[in-house]
Amino acid sequence: AIDWSRELATCKPDYYRWEQWLFTRLFEKGVIYKKMATVNWDPVDATVLANEQVIDGRGWRSGALVEKRDIPMYFFRITQYADELLSGLDKLPGWPERVKTMQANWIGKSVGVRLAFKIPPIPLHALQGTLSKGGESLLWVFTTRADTLMGVTFVAVAAEHPLATRAARDNPALAAFIAECKQGSVAEADMATMEKKGMDTGLKVAHPLTGEAIPVWVGNYVLMSYGEGAVMAVPAHDFRDFAFAEKYHLPKKEVFLDSEILRQAQILEDKSQGVFRVERGIEIGFLNAFNEAMAVYGDDLINVGFYFLEANRQNIESCKGSCINSGKYDGLSHEAAIDAIAADLAALNLGEKKTQFRLRDWGISRQRYWGCPIPIIHCDSCGDVPVPAEQLPVVLPEDVVPDGAGNPLNRRADFVNCNCPKCGAPARRETDTMDTFVESSWYYARYACPDFDGGMLDARANKWLPVDQYIGGIEHAILHLLYARFFHKLMRDEGLVTSDEPFVNLLTQGMVIADTFYRETPDGKKTWFNPADVELRDGVATCKSDGQPVIVGGTEKMSKSKNNGVDPQALIDLYGADTARLFTMFAAPPEQSLEWSDAGVEGAHRFLKRVWSFAYENHASFILLHDYRRKNPGKVFDWADARDEAKALGREIHLNLKQAQLDYSKKQFNTVVAACMKILNSLYRIPAPVPQGEFPDIGTFPREALKAEGFGILLRVLAPIAPHIAETLWNELGYSPALVEAGWPQVNESLLVQDEIELMLQVNGKLRGQIRVAATATREAIEAAALASEAAQKYLEGKPPKKVVVVPGRLVNIVV
RNA sequence: GCCGGGAUGGCGGAAUCGGUAGACGCAGCGGAUUCAAAAUCCGCCGCUGGUAACAGUGUGGGGGUUCGAGUCCCCCUCCCGGCACCA
């Protein structure tokens with residue numbers, strides 16, 4: 001049921017004013033700060049593009065090559081909560097493991113070493129922004145594999161790195177390459193899949209331990225905004241470095257040997273026909289035998305071994321390897337080498353162990369009109385000043401006409417022009433709005449007190465929170481659910497809530513996916529067609545309205561942008577809500593993704609019609625039975641009165657009730673529906689109703705009582721899924737008390753006990769027959785019965801069995 | 001590319017702890033009912049061979065562990081979700 005009195009809309013000022021209020025508090029606290037960040041810039045439309053709007057490196061409307069551009073943005077310091085967001089996952093037993101794993105990997109805590117290569121003297125003004133220690137210019141990198149430091153053959157820096165800028169000053173080719181690096185989208189998926197390119201800066205840095213001159217390259221795959229904006233490269237032991245070194249003919253130095261890998265290689269050689277894949281960063285292909293690998297790689301076998309390890313995706317921690325070609329570190333294990341190298345670097349003041357997170361701070365500035373205005377005023381003398389609480393909310397004007405170029409708020413003088421809250425001088429209001437993820441990060445808390453106008457939340461929030469059961473699509477496993485957890489902790493630290501986590505139990509629905517259909521205009525723009533308007537015949541899709549073909553775009557999650565959403569209203573109109581609900585529940589377990597199709601909805605409807613028919617076919621009997629029971633209060637239904645076939649049907653019904661209970665607890669509703677169907681099938685096998693007038697014949701009492709009891713079970717199991725029909729029939733058939741008060745049906749365990757059971761008989765693991773034994777039979781008795789059986793005799797052919805496996809209650813397996 | 005999940009008949013899916021693969025339903029085929037159809041009811045329904053009894057085979061592909069593998073281990077392929085500005 002929905003409590004409409006708690007309805008709220010996040011786009012209304014009475015909601016977002018509190019978001020602005022919290023923003024100003026967090027800004028003053030330093031939890032929110034401003035820094036430069038890279039966005040996708042469409043130079044033709046003069047606007048920032050979302051990653052989704054960059055297709056093959058071009059703007060989706062203009063078709064222009066997208067550029068990376070740095071703009072100032074506000075950030076939530078979520079990294080400050082990284083440790084708590086990670087450890088908090090252990091306190092969420094009601095969350096799916098896969099979601100917790102994804103969040104843990106996303107936060108990505110890793111212990112590594114931050115270390116520095118020395119930069120030889122160059123004009124200091126050219127190195128603006130470079131970290132400096134002890135007066136010497138240093139190039140810092142972070143690595144989780146410090147044990148391979150002796151194998152570094154080059155370092156790669158981002159295109160925006162000060163060293164790259166310095167080197168490009170008198171190197172036009174490098175300047176051109178850096179400009180090229182600035183093209184394309186900022187999306188991680190694009191960065192990771194693009195062709196890795198680089199160029200030598202001509203500069204050299206000194207290896208922190210050996211002093212060896214190491215060339216500095218610019219790499220298009222190194223991000224300035226991530227880590228130190230520079231990475232050390234060990235081509236002998238890293239896929240990506242290997243590929244890069246192969247491409248640009250850079251040296252590789254092996255510094256690690258894994259004896260376990262050599263042992264595995266030996267096993268492969270022995271087997272010889274084993275197929276394994278040799279990965280060397282670049283695709284080399286499949287080799288049919290180890291000997292072939294030997295022929296190709298010869299002395300290079302250690303590399304083969306290493307990449308074989310990578311292909312096995314073994315955790316590096318399980319590496320049994322040790323250092324080679326590493327001077328004083330030779331022979332040290334992975335962990336020992338990291339410790340030793342970190343200690344030596346620390347002694348030189350050139351490095352230290354450091355915990356690093358993959359998680360980055362959350363940038364929330366959006367250059368778009370629609371959204372919650374960021375409550376900041378820019379003053380020439382006071383800087384960025386938060387809007388005082390009494391001036392909130394900063395309301396988004398609603399009479400703006402967007403013209404397609406940038407954020408229309410920029411052109412609203414009445415919005416932009418204001419006075420500095422500190423000094424009163426003329427100032428400019430921030431025109432960026434917030435990421436809408438901010439709104440969705442705390443709405444659940446506002447439901448507790450949607451009408452409170454004295455603050456963000458009142459005491460009712462703690463009465464209701466945390467949320468007992470949260471439901472959302474699996475696509476929110478990381479971003480939304482992590483932001484909401486983060487926001488809850490922010491609100492806790494502001495004293496607004498007392499709990500640590502927002503959602504106790506989480507159900508992540510699988511995606512409902514559907515085909516996409518589109519037409520393309522000559523300039524490459526796509527128009528998307530809804531599956532309901534498309535006819536698919538023999539693999540050819542046509543639009544129903546004009547009969548012209550459309551292109552099949554693949555199966556994807558339902559979305560507004562691809563117009564492939566399917567409205568259940570059509571089903572509700574045709575079959576009613578109960579059928580639509582039952583069918584949806586029956587289609588697949590909720591956590592599994594589902595390719596939408598309404599084939600089969602007839603079956604769900606047919607089942608409910610059968611439920612209805614059963615009720616009316618037996619209506620008179622049920623009324624008479626209830627009446628009989630009222631007149632004979634001492635008479636209770638006793639299974640001892642029932643004949644064997646009735647007992648068997650009763651047993652079926654109770655077994656299915658038990659199954660349904662288990663399935664409900666597992667959130668597997670499709671098999672709950674299946675159990676309901678089985679119960680109804682059992683009920684229909686009970687002999688035909690007694691003609692009116694003959695009842696109550698005491699001999700038919702158990703039969704009619706079984707129907708009434710069984711149907712009562714069915715209605716209660718079905719009620720959460722098809723509530724309307726269940727409630728209606730429950731009342732019509734005179735059950736009492738009301739269905740919602742009737743309680744959950746109890747499984748009659750004694751009915752489930754059987755005297756004799758059937759065991760599967762296997763010979764050598766193959767099913768060869770069945771045997772019937774007493775439920776209490778001993779292992780020896782079962783073994784004897786099995787060996788004496790016809791099937792066993794046939795397959796034993798007089799030979800004695802080698803072994804007999806007895807699994808109580810299940811099977812007997814005779815091994816010959 | 002990286003992280004998470006998935007793949008079982010013509011289709012959706014079931015199989016609880018490693019123990020009868022295909023429950024339940026859809027579609028299909030055959031029959032009953034009907035003047036006829038719809039609706040309803042009954043039966044059959046993984047694949048191959050066989051009239052049949054039955055035999056072989058079968059859970060994306062390859063290998064392994066086990067008396068026994070859809071289920072556990074290793075490798076591969078494909079599909080779905082996420083990758084920080086779709087939300």
Side-chain angles (χ1 to χ4, degrees), chain A residues 39-40 48-54 78 97-99 101-106 108 186-194 196 221 239-240 271 273-277 286 311-313 358-368 435-437 440 473-480 482-483 510-511 513 554-557 559-562 583 586-589 591-595 597 599-604 606-607 609-610 613 659 662-663 666 668 670-671 673-678 681 684 758-767 770 802-805 807 809-816:
Chain A
V39 294
N40 304 307
V48 175
L49 296 180
N51 284 332
E52 192 196 36
Q53 298 165 328
V54 182
I78 190 171
E97 277 313 312
R98 59 171 165 164
V99 174
T101 306
M102 278 191 264
Q103 291 213 349
N105 290 341
W106 182 262
V186 298
E188 190 191 295
D190 293 334
M191 299 293 288
T193 49
M194 72 185 175
K196 307 279 179 295
Y221 60 96
F239 267 111
R240 290 155 305 175
K271 293 205 170 177
Q273 73 264 56
V275 178
F276 68 96
R277 188 175 183 174
F286 290 87
N312 273 305
R313 281 175 230 257
R358 208 188 76 94
L359 182 69
R360 311 200 293 262
D361 279 339
W362 175 18
I364 54 118
S365 295
R366 297 290 180 269
Q367 300 68 44
R368 303 208 185 109
D435 180 1
T436 50
F437 267 128
S440 59
I474 186 66
E475 76 270 32
H476 295 302
I478 295 172
L479 292 181
H480 164 62
L482 190 65
Y483 291 147
M511 295 289 86
I513 54 180
T555 317
E556 287 178 60
K557 77 166 171 172
S559 69
K560 289 188 286 264
S561 57
K562 299 284 168 68
F583 170 63
F586 189 44
E591 304 207 87
Q592 187 174 315
S593 65
L594 170 74
E595 205 168 322
S597 154
V601 67
E602 280 289 348
R606 206 172 288 156
F607 166 69
K609 283 195 288 188
R610 265 160 55 85
S613 301
Q659 184 64 47
L662 177 73
D663 291 340
K666 290 197 313 193
Q668 189 174 294
N670 56 331
T671 48
V673 176
C676 289
M677 290 171 168
K678 288 183 204 175
N681 289 343
Y684 266 110
E758 191 169 70
L759 297 181
M760 295 307 113
L761 177 65
Q762 292 185 344
V763 179
N764 286 338
K766 275 188 196 286
L767 181 69
Q770 290 88 25
K802 203 187 275 178
K803 186 178 174 185
V804 180
V805 181
V807 183
R810 288 240 182 229
L811 58 75
V812 187
N813 186 16
I814 301 170
V815 187
V816 291

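Fair warning: this is a prediction, and the values are worked out from it, not measured in the lab. Below, chain A is the first sequence line, B the second, and so on; all start at residue 1.
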Spell out, as yes or no, whether a donor-acceptor pair under 3.5 Å connects the side chain of [X] to the backbone of [Y].
X: A/R366; Y: A/D435; value: no
X: A/Y684; Y: A/R610; value: yes
X: A/Q53; Y: A/A50; value: yes
X: A/N813; Y: A/V805; value: no
X: A/D663; Y: A/N670; value: no

Is the shortest side-chain N/O distance from [X] to OP1 or OP2 of [N] below 4.0 Å?
X: A/N670; N: B/C24; result: no
X: A/N105; N: B/G4; result: yes
X: A/K766; N: B/U57; result: yes
X: A/R606; N: B/C26; result: yes

In the strands shown, is [N] matched to any nucleotide by a Watson-Crick or G-U wobble pair with both distances under 3.5 Å, and which?
N: B/U77; value: B/A7
N: B/U40; value: B/A32
N: B/C54; value: B/G49
N: B/C83; value: B/G1
N: B/G18; value: none
N: B/A23; value: none

Worksheet item: In Å and rounded to the nearest 0.5 Å, what is the CD1 to OH distance from A/I78 to A/Y483?
Response: 6.5 Å
Worksheet item: Nearest 0.5 Å, what's the CZ-OG distance between A/R606 and A/S613?
Response: 12.5 Å
Discussion item. Does A/E591 contact B/G5 through a side-chain donor or acceptor facing the base, at a distance under 3.5 Å?
Written reply: no
Discussion item. Please encode protein proximity along nucleotides 80-87 of chain B as a string of B, S and -, counting only heavy-atom distances under 4.0 Å.
Written reply: SBSBBBBB
Mind checking if [X] touches a base, just sugar-phosphate, or nothing, with heavy atoms under 4.0 Å?
X: A/K560; value: nothing
X: A/Q762; value: base
X: A/D663; value: nothing
X: A/M677; value: sugar-phosphate

Taking the [atom1] atom of each, how far is [N] from [M], in whole Å?
N: B/G19; M: B/G30; atom1: P; result: 40 Å
N: B/A69; M: B/G18; atom1: C1'; result: 7 Å
N: B/G46; M: B/G10; atom1: C1'; result: 10 Å
N: B/A7; M: B/G62; atom1: C1'; result: 16 Å
N: B/G9; M: B/G58; atom1: C1'; result: 10 Å
N: B/A52; M: B/C47; atom1: P; result: 14 Å
N: B/A14; M: B/U33; atom1: C1'; result: 34 Å
N: B/C35; M: B/G25; atom1: C1'; result: 34 Å

Worksheet item: Within a reach of under 6.0 Å around CZ of A/R810, are more than 12 heavy atoms found that belong to other residues, nucleotides or ligands?
Response: no
Over how many whole Å does the gap from [X] atom [atom1] to [N] atom [atom2] extend?
X: A/N813; N: B/U66; atom1: CG; atom2: C1'; value: 11 Å
X: A/L482; N: B/C3; atom1: CG; atom2: P; value: 18 Å
X: A/K678; N: B/G25; atom1: NZ; atom2: P; value: 9 Å
X: A/L594; N: B/G13; atom1: CG; atom2: P; value: 6 Å
X: A/L767; N: B/C67; atom1: CG; atom2: P; value: 20 Å
X: A/F586; N: B/A23; atom1: CZ; atom2: P; value: 11 Å

Worksheet, complete the sentence: With syn defined as a glycosidic angle within 90 degrees of 0 and anti as anything else, the base of B/G9 is syn
Worksheet item: Does B/C47 sit syn or anti, given that only angles within 90° of 0 count as syn?
Response: anti
Item to complete: Take A/R810 and A/K609, find for each the nucleotide of RNA chain B with the closest heavy atom, and name the residue whose nucleotide sits nearer the 5' end.
Response: A/R810
Worksheet entry | Nearest-nucleotide 5' precedence on RNA chain B, A/E595 against A/A675 | A/E595
Response to the item:
In terms of heavy-atom contacts, A/G600 and A/F583 come closest through C-CE1, 3.7 Å
Practice prompt. Could you tell me whether the side chain of A/K560 reaches within less than 4.5 Å of the side chain of A/K562, counting heavy atoms only?
Written response: no
